[in-house]
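Have a look at the structure below before the remarks.
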There are 2 protein chains.
Amino acid sequence: MTEAIVSELSRSLIEIAWHFGPKGLRGECCDDLTMPEFIALEKVSVTPDCPVQVVGHPLGFTKSGATRIVNRLARKGLIDKVKSPQDARICCVVITEKGERILRSANSRYMKKFKELLAKVPPETVPEVMKAVTVMAGSLKR
Amino acid sequence: MTEAIVSELSRSLIEIAWHFGPKGLRGECCDDLTMPEFIALEKVSVTPDCPVQVVGHPLGFTKSGATRIVNRLARKGLIDKVKSPQDARICCVVITEKGERILRSANSRYMKKFKELLAKVPPETVPEVMKAVTVMAGSLKR
DNA sequence: AAAAATAAGTTGATCATGTCAACTAAATGG
DNA sequence: CCATTTAGTTGACATGATCAACTTATTTTT
């Protein structure tokens with residue numbers, strides 16, 4: 001494949017990234033959940049007794065940044081912090097009922113945006129595109 | 001297509017977006033060009049005599065934010081601000097030689113990342129994926 | 001068992017980057 | 001020629017992250 005085409009494509013991907021990006025669904029719904037907050041909440045929801053630092057991993061944050069985003073989510077009532085019984089240094093982060101609700105709501109917002117994009121793609125290629133996106137994302141989780 | 005699959009996919013896309021995102025190639029190269037700076041520089045490079053506000057458009061910035069990002073790029077020597085001879089209110093923003101160089105460098109960085117992702121995708125589906133990404137990005141430019 | 005090293009988390013100081021509203025200066029048009 | 005609009009800038013502010021220094025708890029070494 002030619003450089004020019006890959007170049008064009010990576011620019012397209014960046015545009016999509018920005019569109020879905022930090023200002024993604026600001027103010028559109030969901031307690032004004034920012035994109036990093038969404039990613040953090042998602043991480044908490046799939047990680048049982050998630051330590052604070054781990055919340056920062058998918059975001060590439062330092063542990064300090066992790067503390068701060070966890071505190072923000074806690075202040076909004078989306079998560080709870082519980083001291084681990086095994087190791088008192090560790091702070092188990094768990095999602096609350098409200099957190100689950102907000103996460104679902106935010107997720108459907110993003111889905112809506114994504115569907116709008118997919119609508120422009122030739123329908124017969126959709127399954128392959130979806131598979132490709134999944135594979136690409138999967139290769140990011142180290 | 002089922003909700004569950006679209007949900008999974010939109011999360012994948014968000015992960016990719018974050019990976020390419022604001023902290024994208026921070027410190028990896030290119031004078032520490034941030035993602036919004038990259039987008040701004042790109043805009044300047046394709047828009048002859050680009051007014052300041054226009055730089056902010058693809059980013060969704062206010063004119064104030066546009067001024068600030070333009071000043072940052074100017075301070076780094078990547079662009080020049082020239083008063084328009086036709087209308088002295090307007091400030092024509094033009095990319096410098098250094099700006100062109102940095103832009104190319106940043107672009108190839110992003111391309112490298114993108115290629116790494118594409119490598120995980122079944123090769124025969126690559127052309128369709130590329131087309132789909134382009135179309136999706138295209139539908140964002142209103 | 002005591003001391004040293006390591007690890008999790010927090011916090012103050014700071015920095016980066018955006019908004020808003022008020023401003024200046026230039027153009028436009030009754 | 002005055003009123004309005006427009007481009008751009010700026011000060012005050014909000015947000016959100018880092019860094020380094022700290023506390024507290026666990027683990028390792030001796």
Side-chain angles (χ1 to χ4, degrees), chain A residues 18-19 21-28 31-41 43-44 47 49-76 78-94, chain B residues 18-19 21-28 30-41 43-44 47-76 78-94:
Chain A
W18 184 258
H19 189 78
K23 314 178 58 170
L25 28 78
R26 217 53 202 284
E28 287 181 31
D31 243 4
D32 277 348
L33 210 59
T34 65
M35 187 178 194
E37 283 170 359
F38 174 80
I39 294 175
L41 193 53
K43 181 69 176 177
V44 171
T47 312
D49 291 335
C50 189
V52 169
Q53 316 206 30
V54 173
V55 178
H57 288 167
L59 291 163
F61 281 8
T62 63
K63 60 180 183 169
S64 166
T67 293
R68 301 215 130 103
I69 199 165
V70 163
N71 286 343
R72 243 182 293 148
L73 290 173
R75 214 179 310 122
K76 292 183 181 183
L78 308 182
I79 59 172
D80 280 331
K81 295 166 80 174
V82 189
K83 271 232 173 301
S84 163
Q86 283 81 36
D87 185 334
R89 291 171 303 181
I90 298 179
C91 195
C92 300
V93 182
V94 291
Chain B
W18 185 258
H19 188 77
K23 314 180 57 171
L25 28 77
R26 217 52 199 284
E28 287 181 31
C30 328
D31 242 7
D32 278 348
L33 210 59
T34 64
M35 187 177 194
E37 282 169 0
F38 174 81
I39 295 175
L41 192 53
K43 180 70 177 180
V44 171
T47 312
D49 290 335
C50 188
V52 169
Q53 316 207 29
V54 174
V55 178
H57 288 168
L59 291 163
F61 281 7
T62 61
K63 60 180 182 168
S64 165
T67 293
R68 303 215 129 105
I69 199 165
V70 162
N71 286 344
R72 243 183 294 149
L73 291 174
R75 214 178 309 123
K76 293 184 180 182
L78 308 182
I79 58 172
D80 281 330
K81 295 166 80 174
V82 189
K83 273 233 173 298
S84 164
Q86 283 82 35
D87 183 337
R89 290 171 304 178
I90 297 179
C91 195
C92 301
V93 181
V94 291

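Nearest heavy-atom pair, A/Phe61 versus A/Ala66, reported as atom, atom and distance to 0.1 Å: CB-N, 4.2 Å. Between A/Leu73 and A/Leu41, the shortest heavy-atom contact is CD1-N, 4.1 Å. Across every non-hydrogen atom of A/Ala40 and A/Val55, the tightest pair is CB-CG1, 3.6 Å.
Atom SG in A/Cys91 sits 10.0 Å away from atom CG in A/Asp80 (nearest 0.5 Å).
Side-chain atoms of B/Gln53 lie closest to D/dG8 of the nucleotides C/dA26, C/dT19, D/dG8. If you check C/dG18, C/dT11, C/dT6 against the side chain of A/Ser64, the one that comes closest is C/dT11. When each of C/dT11, C/dA26, D/dA12 is scored by its nearest atom to the side-chain atoms of B/Arg68, the top-ranked nucleotide is D/dA12. Nearest nucleotide to the B/Asp87 side chain, out of C/dA27, D/dT26, C/dC20: C/dA27. Which of C/dA26, C/dG9, C/dC20 sits closest to the side chain of A/Thr67 comes down to C/dG9. Considering only side-chain atoms of A/Ala88, the nucleotide from C/dC20, D/dT26, C/dA26 that sits closest is D/dT26. The side chain of A/Arg72 lies closest to D/dA17, out of D/dT10, D/dA17, C/dT17. When each of C/dA27, C/dT10, D/dC19 is scored by its nearest atom to the side-chain atoms of A/Thr62, the top-ranked nucleotide is D/dC19.
Straight-line distance from the NZ atom of A/Lys63 to the C1' atom of D/dC22: 10 Å, rounded to whole Å. Spacing between atom CG of A/Leu59 and atom P of D/dA17 amounts to 8 Å, rounded to whole angstrom units. The separation between B/Asn71 atom CG and D/dG11 atom P is 12 Å, rounded to whole Å. Atom pair B/Arg89:CZ and C/dA26:C1' shows a separation of 6 Å (rounding to whole Å applied). Atom CE of A/Met35 and atom C1' of D/dA17 are 16 Å apart (whole Å). Distance, B/Phe61 CZ to D/dA7 P: 19 Å, rounded to whole Å. Look at CD1 on A/Ile90: it is 18 Å from P on C/dT6, rounded to the nearest Å. Distance A/Arg75 CZ to D/dG16 P: 9 Å, rounded to the nearest Å.
The side chain of B/Lys81 contributes an N or O atom lying less than 4.0 Å from OP1 or OP2 of D/dT9.
Closest-nucleotide positions on DNA chain D for B/Val54 and A/Ile69 were compared, and the one nearer the 5' end corresponds to B/Val54.
No side-chain heavy atom of B/Asp49 sits under 4.5 Å from any side-chain heavy atom of B/Val54.
Looking at heavy-atom distances under 4.0 Å, B/Lys83 makes no contact with the nucleic acid at all.
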